[in-house]
Participant: 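This is the structure I have questions about; it appears just below.
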Amino acid sequence: MDRIRIAGGRPLNGTIPISGAKNATLPLMIASLLTPDRLILDNVPRLADVIQLQRILGNHGVDVMVAGKRPGDTAYQGQTLEISAAHVIDTTAPYELVSKMRASFWVIGPLLARMGEAKVSMPGGCAIGTRPVDLLIKALEGLGARIDIDGGYVVARAPKGLTGGHVVFPKVTVGGTHTALMAATLARGTTIIDNAAREPEITDVADCLIKMGAKITGAGTSRIVVEGVARLSGARHSVLPDRIETGTYAMAVAMTGGDVLLEGARPELLQSALDVLVEAGAEITATNEGIRIVRNGAGIAPVTVTTAPFPGFPTDLQAQLMALMTRAKGTSQITETIFENRFMHVQELARLGARIHLDGEKATIEGVERLKGAPVMATDLRASVSLVIAALAAEGDTMVNRVYHLDRGFERLEDKLSACGADISRISG
Ligand code: EPZ
């Protein structure tokens, strides 16, 4: 298994290109199941999760063609996928595939809407929590589907098609909103989705569905209204920049000090995180090339943050912020309200000398003068990158093990950081 070695203590200066958003790419690829025509996606990041989803879609008979590099393309250019679900040959998503990449469970909505049936393995839990899908199932029942649980599979049927309905989510769920939205595009009649997730990735998927002929209003607000149509067509859509990658590198620069342009980043996608970084002492400037982040020698100020659905502070940046706060001049508090077990990085940060006290969903971080490099273990995608952030400012060498977690969500992380002066390298095997 690959490992990443980091010799800390160097500032970051230069430019980091921001890739297309993983959490938009995955549902956008799944939306291809809604039409027999070709869907073309630009600015797709090169990530393990994208490759895994290509395999899963292939199992349903979907053709995914990855366009080669065009002359003049830089290494950082996102890739273009041409996806065609002309003939869906299998409406079953098997356990061995779904258990590897949870978001693949979201194929259930489009398969049911287009084929009238879907048999999708329950994804099972993961490192950060039990990750139930009860709200996704309830949403589909609200659109007229008949759902049975059989042998670990969700078996959904709508032989006469779906009918528009009023879906009210008791709590904000990104996956639930994606599922209801995609299924509603082909349902007969009008669907209203209340307490919908407002994440930018929802809006990006809705923009693509509208290009495909869907009739959607209100994406990005808590109430989305969908007029069902008989059929969707192909389209071409460019994936929006990854706000979590943007926030992650911004926190890395705030941690090491330096001056970096996050190229292609859009501030409105992560304003709450940028506000916290300014409070912590970083200077943030929006330019027409992206976001410039500077942190000079004045040190890191402590903050108190609670994670929340968009537009609140994102849970996917919680571990990264915690890493930054380990070296603040004072005591910080971070409360995690979205997932029940998203503090796996705390024990690993403690190995680097961090002082963090946990009390249920609340973490209290007492800033320390210095961190010292040590071997650490990545446990989940965002926790692993928080270890990288801490290691960049630790004295001596840190070895981050199990970096396959990193490769799921961060494209060429070590290249992007070493291009800005970090002493970081991947050790294969
Ligand atoms: C999406 O996961 C993201 N994944 C997650 O990012 C992100 O952390 C999460 O949204 C919250 O923003 C993708 O977009 C691929 P939820 P999702 O449904 O949709 C509970 C990353 O690191 N819930 O919004 O699975 C759930 O347990 C990943 O990129 C139910 O109870 O999250 C959680 O407590 C990690 N029943 C809360 O809702 C359900 O049926 C929010 O989950 C569904 C969810």
Side-chain angles (χ1 to χ4, degrees), residues 19-31 45 47-50 52-53 56 98 100-109 120 122-142 147 149 154 167-182 193 195-205 222 239-240 242-248 269-270 272-273 307-320 335-342 344-345 361 378-386 405-411:
S19 303
K22 166 180 88 82
N23 289 352
T25 299
L26 300 177
L28 284 165
M29 289 170 71
I30 289 170
L47 297 172
D49 273 10
V50 171
Q52 179 64 17
L53 186 54
I56 289 161
V98 174
K100 288 198 182 62
M101 217 276 291
R102 305 180 38 77
S104 47
F105 182 80
W106 298 353
V107 299
I108 191 166
V120 180
M122 301 279 274
C126 73
I128 62 177
T130 54
R131 311 293 298 276
V133 289
D134 57 314
L135 300 180
L136 284 73
I137 290 169
K138 252 204 222 104
L140 294 174
E141 286 173 331
I147 307 267
I149 309 290
V154 176
V167 176
V168 183
F169 285 114
K171 65 159 77 167
V172 171
T173 158
V174 169
T177 304
H178 280 310
T179 298
L181 177 62
M182 289 199 229
I193 305 172
N195 200 20
R198 298 170 51 194
E199 270 66 7
E201 292 75 32
I202 299 278
T203 308
D204 203 45
V205 170
S222 303
V239 179
L240 88 168
D242 194 317
R243 63 191 169 99
I244 304 304
E245 186 191 25
T246 303
T248 297
L269 302 179
L270 70 156
S272 58
T307 64
F310 192 87
F313 187 90
T315 174
D316 291 350
L317 285 176
Q318 176 258 108
Q320 297 90 318
T335 305
E336 171 57 64
T337 66
I338 307 291
F339 291 109
E340 69 268 25
N341 185 31
R342 204 169 197 177
M344 307 280 277
H345 41 288
E361 60 181 22
T379 50
D380 67 87
L381 168 56
R382 309 305 178 181
S384 49
V385 84
S386 83
H405 289 294
L406 269 179
D407 298 336
R408 295 191 51 188
F410 294 97
E411 184 175 11

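Order of listing sets the numbers, starting from 1, for every ligand and every atom in it. Because the structure is predicted, anything quoted here is derived from the model rather than measured.
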Participant: Show the nearest heavy-atom pair for residues M182 and A31, with the distance to one decimal.
Facilitator: SD-CA, 3.9 Å
Participant: R342 and side-chain hydrogen bond (donor to acceptor under 3.5 Å, both in side chains): which partner among T337, T315, D380?
Facilitator: T315
Participant: Does the distance from a Lys or Arg side-chain N to an Asp or Glu carboxylate O, for K100 and D49, drop under 4.0 Å?
Facilitator: no
Participant: Write down the atom of A48, the atom of R408, and the distance for their closest heavy-atom approach.
Facilitator: CB-CA, 4.0 Å
Participant: Exactly which residues line ligand 1, taking a heavy atom under 4.0 Å from it as the test?
Facilitator: K22, N23, A103, W106, I128, R131, P132, V133, D134, L135, L136, K171, V172, T173, V174, G175, T315, D316, I338, F339, R342, L381, R382
Participant: Are any of the side-chain nitrogens in E411 or K22 under 4.0 Å away from the carboxylate oxygens of its partner?
Facilitator: no
Participant: As a test of understanding, state which of I108, I147, T179 forms a side-chain contact (heavy atoms from CB on, under 4.5 Å) with I137.
Facilitator: I147
